[in-house]
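Encoded as structure tokens, the structure appears first; notes follow it.
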Amino acid sequence: MIDSPFIGIAGNIGVGKTTFTEVVAKKFNLLEVYESVADNPYLSDFYGDMKRWSFNLQIYFLHHRFSAINNLSSYDKGMVQDRTIYEDVEIFSKNLFDMGSMDKRDWDTYSELFINMTKFLKKPDLIIYLKADLDVLLGRIKTRSRDYETTIDPDYINRLNHLYDDWISNIDGIKTITIDTNNFNIFKDLDQLDDIIDRIKIALEK
């Protein structure tokens, strides 16, 4: 297996990335790297007014993920990251721009910043894409009861789902695994989890 592997966990809002990150980290003895949600100063404002706060939120996420990867680039244990930096530009910012919630000036500035910053980062050895249907995602979002997510438009989540599918099918230069989580309970379906772990081990072989 690759020494000190860098695994990225990708997927839409509510798909179960954080839980899956915890499990993979334990199985492979990797450092866990999470996206900033609880202490994010823009998230609540963003869901209240996407057009006003989209650029601020995406810059915050870009900065947070860049710092996390950069600070741990020499870490010899390996790491697993809850949401990759690539999803910021390929999925979330692109969606906001396409929806008209981020204007072209901000989109161009953000995209150029992304390109320049990611030149200095190590790419993941493997991206694991967790996917689920819209109704499953909405159910999981509702279950976790985050106040700022109560007003999420289902169409917004649906658009993200389509962008995720397009992105993962066109990734070049990074190994990927896609896991359908619609009928997968990570705590109960242990045989299925073992199969997934075996797939990850195979993907991480040199």
**Message:** Is it the case that over 12 heavy atoms from other parts of the model lie below 6.0 angstrom from the CG atom of Asn116?
**Reply:** yes

**Message:** Tell me whether Val136 shares a hydrophobic cluster with Tyr156, the cluster being built from Ile, Leu, Val, Met, Phe, Trp, Tyr side chains joined at under 4.5 Å.
**Reply:** no

**Request:** Go through Asp82 and Thr18 one step at a time and tell me if the side chain to side chain donor-acceptor pair (under 3.5 Å) criterion holds.
**Result:** CA-CA 6 Å; Asp82 173 3; Thr18 299; 2.8 Å; yes

**Prompt:** Which pair of non-hydrogen atoms, one from Ala25 and one from Val80, has the smallest distance, and what is that distance?
**Reply:** CB-CG1, 3.5 Å

**Fill in**
For Phe114 and Ile85 the tightest heavy-atom approach is CE1-O, 3.4 Å

**Complete:** Closest non-hydrogen atoms of Arg83 and Asn12, given as atom of the first, atom of the second and distance, are NH2-C, 3.8 Å

**Asked** Does Leu193 belong to the same Ile/Leu/Val/Met/Phe/Trp/Tyr cluster as Tyr129, with side-chain heavy atoms less than 4.5 Å apart forming each link?
**Response** yes

**Request:** Could you tell me whether the side chain of Tyr86 reaches within less than 4.5 Å of the side chain of Lys123, counting heavy atoms only?
**Result:** yes

**Message:** If you compare all heavy atoms of Ala132 against all heavy atoms of Leu137, which two are closest, and at what distance to 0.1 Å?
**Reply:** O-CD1, 3.7 Å

**Prompt:** Would you call Lys175 and Asp125 a salt bridge, taking side-chain N to carboxylate O under 4.0 Å as the test?
**Reply:** no

**Complete:** Tightest non-hydrogen contact, residues Met50 and Leu96, listed as SD-CD2, 4.3 Å

**Asked** Do the side chains of Asn70 and Phe120 get nearer than 4.5 Å, heavy atoms only?
**Response** no

**Item:** Asp45 with Arg52: basic N within carboxylate O range, under 4.0 Å
**Value:** no

**Item:** Non-hydrogen side-chain atoms of Phe20 and Ile128 separated by less than 4.5 Å
**Value:** yes

**Request:** Test side chain to side chain donor-acceptor pair (under 3.5 Å) on Glu87 and Thr84 and set out the steps.
**Result:** CA-CA 6 Å; Glu87 292 159 80; Thr84 70; 2.8 Å; yes

**Prompt:** Is Met99 reachable from Ile157 through a run of hydrophobic residues whose side-chain heavy atoms are each under 4.5 Å from the next?
**Reply:** yes

**Heavy-atom side-chain proximity of Leu204 to Ile7 below 4.5 angstrom** = yes

**Prompt:** Is Ile177 linked to Leu30 within one hydrophobic cluster, defined over Ile, Leu, Val, Met, Phe, Trp and Tyr using a side-chain heavy-atom separation of less than 4.5 Å?
**Reply:** yes

**Prompt:** What about the rings of Phe97 and Trp107, do their centers lie closer together than 6.0 Å?
**Reply:** yes

**Asked** How many angstroms lie between NZ in Lys51 and OG in Ser101, if you round to the nearest 0.5 Å?
**Response** 6.5 Å

**Donor-acceptor contact below 3.5 Å, side chain Asp103 vs main chain Arg105** = yes

**Message:** Is it the case that the side chain of Ser169 and the backbone of Asp166 share a donor-acceptor pair, with hydrogens and angles ignored and the cut-off at 3.5 Å?
**Reply:** yes

**Request:** Evaluate the side-chain proximity of Arg140 to Thr181: yes if any heavy-atom separation is below 4.5 Å, no if none is.
**Result:** yes

**Message:** Between Arg144 and Glu149, does the salt bridge (charged side-chain N to carboxylate O under 4.0 Å, His left out) criterion hold? Intermediate values first, please.
**Reply:** CA-CA 9 Å; Arg144 65 187 188 181; Glu149 291 180 342; 2.7 Å; yes

**Item:** Distance in Å, His63 NE2 paired with Phe66 CZ, rounded so as to fall on 0.5 Å steps
**Value:** 10.0 Å

**Asked** Are the side chain of Asn40 and the backbone of Leu43 linked by a donor-acceptor contact shorter than 3.5 Å?
**Response** yes

**Item:** Heavy-atom closest contact (Val15 atom, Leu130 atom, distance)
**Value:** CG2-O, 3.5 Å

**Item:** Donor-acceptor side-chain pairing of Tyr164 and Glu90 below 3.5 angstrom
**Value:** no

**Request:** Would you indicate whether the side-chain heavy atoms of Arg199 and Ile179 approach each other to under 4.5 Å?
**Result:** yes

**Message:** According to a hydrophobic-cluster definition based on side-chain heavy atoms being under 4.5 Å apart (Ile, Leu, Val, Met, Phe, Trp, Tyr only), do Phe28 and Phe6 belong together?
**Reply:** yes

**Asked** Looking at CE of Met102 and NZ of Lys94, how far apart are the two atoms once the value is rounded to the nearest 0.5 Å?
**Response** 12.5 Å

**Message:** If we ignore hydrogens and angles and just use 3.5 Å, is the side chain of Lys77 paired with the main-chain N or O of Leu31 as donor and acceptor?
**Reply:** no

**Message:** I'd like to know if Lys26 and Glu32 make a salt bridge, using a cut-off of under 4.0 Å between side-chain N and carboxylate O.
**Reply:** no

**Asked** Parallel, tilted or perpendicular: which describes the rings of Tyr60 and His64, with under 30° parallel and over 60° perpendicular?
**Response** parallel

